[in-house]
Number of protein chains: 2
Amino acid sequence: MTAETGERRRDAERTRTELLDVATEEFAERGYSGARVDEIAARTRTTKRMIYYYFGGKEQLYLGVLERAYAEIRAAERTADVDHLDPVAAVRRLAEVTFDHHEAHPAFIKLVGVENAQQAKHMNHVARLVDLNSSAVDLLAGVLARGVGDGLFRDDVDALDVHMMISSFCFFRVANRHTWGALFDRDLLDPARREHYRTMLGDLITGYLRK
Amino acid sequence: MTAETGERRRDAERTRTELLDVATEEFAERGYSGARVDEIAARTRTTKRMIYYYFGGKEQLYLGVLERAYAEIRAAERTADVDHLDPVAAVRRLAEVTFDHHEAHPAFIKLVGVENAQQAKHMNHVARLVDLNSSAVDLLAGVLARGVGDGLFRDDVDALDVHMMISSFCFFRVANRHTWGALFDRDLLDPARREHYRTMLGDLITGYLRK
DNA sequence: TAACTAACGTACCAGTTCGTACATTAGAAA
DNA sequence: TTTCTAATGTACGAACTGGTACGTTAGTTA
């Protein structure tokens, strides 16, 4: 209701957002139990009290972080426009969107890791998330159907499986960057190798689909 | 030096091993900061005091867990015998060994996740690990060279990259089981789908390599 | 301008958690 | 049997950490 002056001393929305921003970093970086409520508060311009005022507690704050992170991705994934591309190029494009997205949101990737570490028990409490991710798969399913219809793709593939192949590659590259670097002395996120991996992913997926 | 009677009330080696066993589970399940020293001790037949007696502290115990976990894998990876197979079958076999291994060692996968969550900072302190994993890649490199020599494989591929493709798929399936299940209602480790995924991985990799 | 409420800050508590001081015992060695 | 030490157990403390009671202030509304 109030105008965005940018100079107000009291701004509920801004306080909430700032809390979520910092909490996202903290939870992604240190995990759920590793993150400290005091530390999160200290890195904002407000106090710990506000976490309890706006969210109720550490767990609800984490839930808020998770929900917002997935919501942002939903928006990003809608941007892929592949209807005008031939099936092979379209699959490649979809893979690249996922590739770019993973690279651009390391904090999100880490949150996924954190969630899996705790058997996704928090995610189950955010019912809204379930129908959220299906749109990406639906898009892919459409492209695959076109490819099969054109006789370009093998006809025994499941869209969710293909989505999994794409996700694995993109996820691994970001999530396991550090152990990979330590074990093989290769930085998977080295900008110099970015195009190489992006192309590789496209080759990998289209190579699998092709008849 | 002393014989393994199995009934001794005091057995340094057994106490140490038991501590490592339980700690592996705890660290894998709850992460480094989530794991509780008291809880680890309680789940053994000894006391917390022994953690400090044998390892020095929580961090060194974690280091011990990490080192042993990787050492076990080294042994497992040596078992692949692919010299008598043609290059295509050999690549498929190597991928399957990795596939099986990931599935059989979820705790190890989780530890890798835990390590990445903390920028692999502990792993760097275990210098012994670095040269450890290279054997798997060397094996793969040999097979790839054979395939290129036979004119079966494209000649612009790097063994470490192929190892990464294989690892991503296998890792993702185990590591992201829970979020995937929550979001898409599909259990990636469902035994009924196991062969399907195992074959899929082989198709994926050989499809990419084929000229 | 007085009253009212949403937004915010301070100080503190209670439970937890890593770590340690100190006492004790099993079994080997003399 | 006595001595000695590696191995083990008990009890406790200091720091940390999530959460809360209570007081204060900005800005709105009558």
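Small disclaimer: the values here were computed from a predicted structure and weren't measured. Letters A, B, ... mirror the listed sequences (proteins, then strands); counts begin at 1.
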Value in whole Å for how far the P atom of C:dG9 lies from CE of A:M50: 6 Å
Please determine whether a side-chain nitrogen of the Lys or Arg among A:D21 and A:R68 lies less than 4.0 Å from a carboxylate oxygen of the Asp or Glu. yes
Sequence neighbours excluded, which residues qualify as side-chain hydrogen bond (donor to acceptor under 3.5 Å, both in side chains) partners of A:R30? A:E26
Under-4.0 Å side-chain N/O to phosphate OP1/OP2 contact, B:T15 with D:dT8: yes
Nearest listed nucleotide, side chain of A:R49, among D:dC22, C:dA7, D:dA7: D:dC22
Taking only residues two or more places apart in sequence or in another chain, which ones pass side chain to side chain contact (heavy atoms under 4.5 Å, CB included) with A:A89? A:L85, A:D86
If I take atom OH in residue A:Y54 and atom P in nucleotide D:dG19, what distance separates them, rounded to the nearest angstrom? 19 Å
Tell me which residues in residues 16-32 of chain B put a heavy atom below 4.0 Å from DNA chain D, sorted by number, or none. none
Whole-Å distance, A:Y53 OH to C:dT10 P, equals 17 Å
Listed partners of A:R92 passing side-chain hydrogen bond (donor to acceptor under 3.5 Å, both in side chains), at least two apart: A:D203
How long is the line joining CZ of B:R14 and P of C:dA26, in whole Å? 16 Å
Which residues share a side-chain hydrogen bond (donor to acceptor under 3.5 Å, both in side chains) with A:E39, sequence neighbours left out: none
Distance in angstrom units between A:E13 CD and C:dA6 P, rounded: 16 Å
By side chain to side chain contact (heavy atoms under 4.5 Å, CB included) - contacts of B:S33 (at least two apart): A:S33
Please identify each residue that fulfils side-chain hydrogen bond (donor to acceptor under 3.5 Å, both in side chains) with B:D81, with sequence neighbours left out. none
Protein-nucleotide distance (A:F55, atom CZ; D:dT20, atom C1'), rounded to Å: 18 Å
In plain terms, say whether A:R193 and B:D158 are close enough for a salt bridge, that is, a side-chain N and a carboxylate O under 4.0 Å apart. no
Grab the OH-P distance between B:Y52 and C:dG19 for me, whole Å please. 4 Å
Specify the residues of residues 34-47 of chain A, ordered by number, for which at least one heavy atom lies under 4.0 angstrom from an atom of DNA chain D. A:A35, A:R36, A:V37, A:D38
What side-chain donor-acceptor pairs closer than 3.5 Å can you find for residues 50-60 of chain B, not counting sequence neighbours?
| unit_1 | atom_1 | unit_2 | atom_2 | d |
| --- | --- | --- | --- | --- |
| B:K58 | NZ | B:Y32 | O | 3.0 |
| B:K58 | NZ | B:A35 | O | 2.9 |
| B:E59 | OE2 | B:H122 | NE2 | 3.2 |

Please state whether the base of C:dG19 and the side chain of B:K48 form at least one donor-acceptor pair under 3.5 Å? yes
Atom NZ of B:K58 and atom C1' of C:dT16: how far apart are they, to the nearest Å? 12 Å
